[in-house]
Amino acid sequence: MLKGLALSTFAVISLGASAAFADADSNSSGVQLEIQEWDVPYDGTRSRDPWVGGDDSVWFVGQDTHYVGRLTPSTGEFHEYPLEEGAGPHTVISDERGAWYAGNRAAHIGLIDPDSGDIQRFVPPGDGSRDVHTMAFTSEGNIWFTEQHANRIGLFDTESETFTMHEVATNRARPYGIVAHDGQPWAVLFGTNRLATVESGELVEIELPRADTRPRRLAVSSGGLVWYGDYATGYIGRYDPNTGEVEEWRAPSAGDSRPYAVAMDSEDRFWIVETGVMPNRFVAFDTRRETWTDAFEVPSGGGNVRHMVYDPDSNAIWFGTDMNTIGRAQLRE
């Protein structure tokens, strides 16, 4: 197991459904971000998908050079857990059992023992790529996950170590981002203009009104509304599971926005990172007031911020960049 220290950069930046389209006011809500990035001391450019694993512990993965990493923010110290060559880890989430990672290029979910570094591998059933992509815990500690090119959504029971797989009916739908809310998974089908969920053991596809919509990541607000970023044409959208209604708002950078990573904070602000502009920019849509915040540039430029997670305990968003940094965007009111 390797250890290292890295320099950091720091900046304080001011801060099948019916459809409706709305204009949102663009003004500052008073929120500010203090953005700090740590340079990852390992080879590769795609450090990504951080996960807050408790006090002073942030997990992430190195997709291109096949490792799971852990950052101690208070000291800047890094630990590396090397994986098999070709593992291509995509996402990592952790609990009391260890760090679970998606072996995206090696057809498995892995569990790392943080003390010993030992790894258990769990292989989804079936033929094909079985490219485990994004993962989300249920309240019981089981794991919902997507397989983008296998065109499936799965549930892994972590106690019985068994899989339940759901095939997506739409061809090449590319299941991508996924979250779990009130016992139910919500996913985006990036190859289509659809969302997906599982109800009563059956996968249900939800068609969005615009044919050119391509949702990539999503989050759920406190009222159970599903919010997504449209990567292709620069919108954000809201799906109401109770009514089936969809409403969309144009992102601040419009067609250049390419919203990729998203997160919902404790005040129901829907944060996106606009990756079609350089430097990449954080900006939030206040879902209660239907207004945008100011935009906040990523100090390193970002390259692509692909995934991020909001930590309510510290009121901060953690993100990874293609510039080989792990970042924290601290919210200040």
Side-chain angles (χ1 to χ4, degrees), residues 46 48-51 60-61 63 87-94 99-111 121-138 141-158 162-181 183-199 201-208 213-220 226-232 237 239 241 259-264 304 306-309 320:
R46 196 174 290 186
R48 59 177 300 161
D49 294 25
W51 173 270
F60 63 98
V61 296
Q63 186 175 22
H90 195 280
T91 309
V92 63
I93 56 180
S94 71
W100 302 84
Y101 70 88
N104 181 250
R105 300 175 189 166
H108 69 278
I109 293 174
L111 173 61
R121 298 169 79 256
F122 307 94
V123 179
D127 300 324
S129 61
R130 292 169 294 169
D131 54 330
V132 182
H133 190 275
T134 301
M135 304 187 298
F137 282 126
T138 70
N142 299 318
I143 298 173
W144 283 104
F145 63 96
T146 54
E147 293 181 335
Q148 181 180 194
H149 297 296
N151 217 39
R152 304 191 301 180
I153 293 172
L155 176 65
F156 178 59
D157 187 312
T158 56
T162 58
F163 289 88
T164 302
M165 305 304 302
H166 301 274
E167 303 280 347
V168 178
T170 299
N171 190 37
R172 298 179 182 175
R174 298 180 63 186
Y176 207 89
I178 191 168
V179 297
H181 179 77
Q184 186 173 6
W186 292 96
V188 290
L189 304 180
F190 183 42
T192 73
N193 62 326
R194 295 169 184 252
L195 308 178
T197 188
V198 176
E199 296 178 344
E202 298 294 329
L203 189 140
V204 178
E205 299 184 37
I206 301 154
E207 185 172 2
L208 300 173
T213 300
R214 291 296 179 269
R216 196 157 195 174
R217 299 281 187 190
L218 76 170
V220 180
V226 180
W227 294 82
Y228 60 88
D230 168 22
Y231 183 80
Y239 170 70
Y260 201 157
V262 307
M264 188 73 67
N304 270 307
R306 299 169 182 269
H307 190 36
M308 59 192 185
V309 62

>> By the definition side-chain contact (heavy atoms from CB on, under 4.5 Å), identify the one residue from Tyr176, Tyr228, Trp227 that meets it with Arg217.
In response: Tyr176
>> Using the rule side-chain contact (heavy atoms from CB on, under 4.5 Å), only one of Arg105, Gln63, Arg46 pairs with His90; which is it?
In response: Gln63
When rounded to the nearest 0.5 angstrom, what distance separates [atom1] in [X] from [atom2] in [Y]?
{"X": "Arg216", "Y": "Phe190", "atom1": "CZ", "atom2": "CZ", "result": "3.5 Å"}
{"X": "Leu203", "Y": "Thr170", "atom1": "CG", "atom2": "OG1", "result": "9.0 Å"}
{"X": "Leu189", "Y": "Arg174", "atom1": "CG", "atom2": "CZ", "result": "11.0 Å"}
{"X": "Tyr101", "Y": "Leu111", "atom1": "OH", "atom2": "CG", "result": "9.0 Å"}
{"X": "Gln184", "Y": "Thr197", "atom1": "CD", "atom2": "OG1", "result": "3.5 Å"}
{"X": "Asn142", "Y": "Phe163", "atom1": "CG", "atom2": "CZ", "result": "11.0 Å"}

Going by the rule side chain to side chain donor-acceptor pair (under 3.5 Å), which residues pair with [X] if we only count those two or more places apart in sequence or in a different chain?
{"X": "His181", "result": "none"}
{"X": "Asn193", "result": "none"}
{"X": "Thr138", "result": "Glu140"}
{"X": "Asp49", "result": "Thr91"}

Considering non-hydrogen atoms only, spot the tightest contact between [X] and [Y] and give its length.
{"X": "Thr164", "Y": "His166", "value": "CG2-NE2, 3.8 Å"}
{"X": "Pro50", "Y": "His307", "value": "CD-O, 4.2 Å"}
{"X": "Ala180", "Y": "Trp144", "value": "CB-CD1, 4.3 Å"}
{"X": "Val132", "Y": "Pro124", "value": "CG2-CG, 4.0 Å"}
{"X": "Ala173", "Y": "Asn151", "value": "N-OD1, 2.9 Å"}
{"X": "Ala99", "Y": "Val92", "value": "CB-CG2, 4.0 Å"}

Please check if the side chain of [X] supplies one atom and the backbone of [Y] the other of a donor-acceptor pair under 3.5 Å.
{"X": "Asp157", "Y": "Thr162", "value": "no"}
{"X": "Asp230", "Y": "Pro215", "value": "no"}
{"X": "Asp131", "Y": "Asn104", "value": "no"}
{"X": "Thr146", "Y": "Thr134", "value": "yes"}

> So Phe122 and Phe156, would you call those rings parallel, tilted or perpendicular, with 30° and 60° as cut-offs?
Replying inline: tilted
> Is there a side-chain contact (heavy atoms from CB on, under 4.5 Å) between Ile93 and Phe145 once you walk through the steps?
Replying inline: CA-CA 11 Å; Ile93 56 180; Phe145 63 96; over 6 Å; no
>> For a 4.5 angstrom cut-off between non-hydrogen side-chain atoms, does His133 reach Pro175?
In response: no
>> Is there a side-chain contact between Trp100 and Trp51 in this structure, where contact means two heavy atoms from C-beta onward sitting under 4.5 Å apart?
In response: no
> Sequence neighbours excluded, which residues qualify as side chain to side chain contact (heavy atoms under 4.5 Å, CB included) partners of Ala169?
Replying inline: Glu205
>> With a 6.0 Å cut-off (strictly less than), is the heavy-atom count around CZ of Arg121, excluding the residue itself, greater than 12?
In response: yes
> Can you name the salt bridge (charged side-chain N to carboxylate O under 4.0 Å, His left out) partners of Arg152, sequence neighbours left out?
Replying inline: Glu147
